Amino acid sequence: MTVVISVGFLIPIPDIPILKESARNLFLHVPMWFTMSVCFAAGLYYSIRYLNNPIMKFDRKAETATQIGLIFGICGLLTGSIWARFTWGTWWTFAEPRMNLSALGMMIYVAYFVLRTAFNNPEKRAKIAAVFNVFAATTIPFLLYIIPRQLPSLHPGADGNPAFSEITAPELRYIFYPAVIGFIGLAVWLNDILNRYKTVKHLTDQQRT
Amino acid sequence: MRFIPIQAQEDTVAAADTLTESYSPKWDGTAGLDQASPLIQTAASYDLIFIVLGVSLIIWFVLLFFIIRVDKKVSKLEGEIEKANAERNS
């Protein structure tokens, strides 16, 4: 996976830019959202598994996946904002539904962590957080995919203009797909590290009591 | 027989232009840049390549921040385990 990531970063140099050089952000900004979606989907999966079978392991995994997803989502927002300054002329615009709705989605997920801190009882926290996570994950496809496509937008891939199918020069795809796979692989790895940490912490906490 | 690949080729070229067609009237990022601050002007030079650099740096620093945080947590946990072991041995 690390090889895939480095290839994703190394290859961009000999490509042909469409509008300006900032078209290369396709390899960086777009995979952030793909990765975020994968992480949130994993979070949803583990939350449902927790509700089905209340083992703390599933709650830990759901929390970790959501944490990593939020990290990538924040990356996506920041990178989108800096790109917007130089293509749309402003850091943030309320004329752009995708930008604002994705910020709203991030807020919903920040609320997930705020909610978690509100409970001291781990079982209660896990259960309520899992229910909230199911709700949060169901809003994401609407906020990021369905509503922005219905509204006039500045963002590529809206307003009847497909983001990727026709407009993109085919050579961009050879870098884009490995980049997506690479970032998802990176997220899986980070997930694993954080999860192992949490498992060890849980075990030591148990030993002490 | 030869017509189809040529047609496909032309299609991709023509389609590649739809991005400019649909967005260039709406995107005014480069307009008014000469009045912008020197920092913004410098960032916009060399066909916006510094924006790509900035974007990759943002991703790098956010991930780095995250990794450092996890590292600190692990160190703290290590310290706790060592302390517990020392108490048990004494």
Side-chain angles (χ1 to χ4, degrees), chain A residues 9 12 16-25 27-29 31-32 67-68 71-72 74-76 78-90 95 152-163 165-170 183 186 190 193-194 196-198 200-201 204-205 207-208, chain B residues 8-9 11-33 36 40-41 43-63 65-67 69-78 80-85 87-88:
Chain A
F9 275 106
I16 304 160
I18 310 168
L19 266 170
K20 288 157 205 133
E21 291 277 352
S22 73
R24 287 164 201 259
N25 277 359
F27 315 131
L28 299 165
H29 169 73
M32 292 291 115
Q67 255 175 316
I68 307 284
I71 293 264
F72 276 93
I74 288 167
C75 273
L78 291 176
T79 58
S81 174
I82 188 172
W83 182 78
R85 173 61 188 88
F86 294 96
T87 42
W88 307 339
T90 160
S153 164
L154 292 166
H155 197 283
D159 213 2
N161 198 327
S165 47
E166 292 153 30
I167 54 174
T168 314
F183 275 114
L186 184 66
L190 289 177
I193 292 175
L194 200 56
R196 275 151 61 193
Y197 161 75
K198 281 181 185 167
V200 173
K201 187 162 177 59
T204 49
D205 283 352
Q207 267 177 2
R208 211 185 306 150
Chain B
Q9 182 74 28
D11 268 349
T12 44
V13 171
D17 274 328
T18 57
L19 186 72
T20 325
E21 246 173 62
S22 21
Y23 291 115
S24 55
K26 287 196 245 167
W27 288 0
D28 48 2
T30 40
L33 261 183
I40 298 289
Q41 277 187 7
S45 59
Y46 294 101
D47 288 337
L48 297 179
I49 191 70
F50 291 125
I51 308 311
V52 186
L53 176 69
V55 162
S56 28
L57 283 180
I58 286 175
I59 296 169
W60 168 237
F61 280 121
V62 171
L63 292 180
F65 163 77
F66 175 77
I67 292 167
R69 233 189 46 166
V70 173
D71 185 297
K72 273 188 187 159
K73 278 188 190 168
V74 171
S75 308
K76 211 176 117 191
L77 188 61
E78 267 175 351
E80 273 175 31
I81 291 173
E82 258 168 43
K83 220 172 89 185
N85 276 349
E87 273 169 19
R88 205 175 299 156

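The structure presented is a predicted model; accordingly, all values stated were derived computationally and were not measured. All values below were derived from every heavy atom in this structure, side-chain atoms included, with hydrogens, water molecules and symmetry-related copies excluded. By convention in this document, chain letters (A, B, ...) are assigned in the order of the sequence lines, proteins followed by strands, and residues within each chain are numbered from 1.
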Exercise. So do B:Val62 and A:Phe72 actually touch side chain to side chain, heavy atoms under 4.5 Å?
Worked result: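 In short, these two side chains do not touch, never coming nearer than 4.5 Å.
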Problem set entry | Contacting region of B:Val74 [heavy-atom separation from chain A under 4.5 Å] | both
For this session: Among B:Ile58, B:Ile67, B:Ile81, B:Val70, single out the residue with the greatest number of heavy-atom pairs under 4.5 Å to chain A.
Result: B:Ile58
Exercise. What part of A:Leu78 lies closer than 4.5 angstrom to a heavy atom of chain B: side chain, backbone, both or neither?
Worked result: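 Looking at A:Leu78, backbone and side chain both touch chain B.
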Problem set entry | Contact origin within A:Ile193 toward chain B - heavy atom pairs under 4.5 Å |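 Answer is side chain: those atoms of A:Ile193 sit under 4.5 Å from chain B.
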Exercise. Roughly how far, to the nearest 0.5 Å, is CD of B:Glu80 from CD of A:Gln207?
Worked result: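 Atom-to-atom, A:Gln207:CD and B:Glu80:CD are 12.0 Å apart.
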Exercise. Can you tell me how far CD1 of A:Ile71 sits from CZ of B:Phe65, rounded to the nearest 0.5 angstrom?
Worked result: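 CD1 of A:Ile71 is found 6.5 Å from CZ of B:Phe65.
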Problem set entry | Neighbour count above 12 (heavy atom, 6.0 Å) for B:Lys73 NZ |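 For B:Lys73, atom NZ is crowded (more than 12 foreign heavy atoms under 6.0 Å).
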Exercise. Who among A:Thr204, A:Leu190, A:Ile68 has the most heavy-atom pairs with chain B under 4.5 Å?
Worked result: A:Leu190
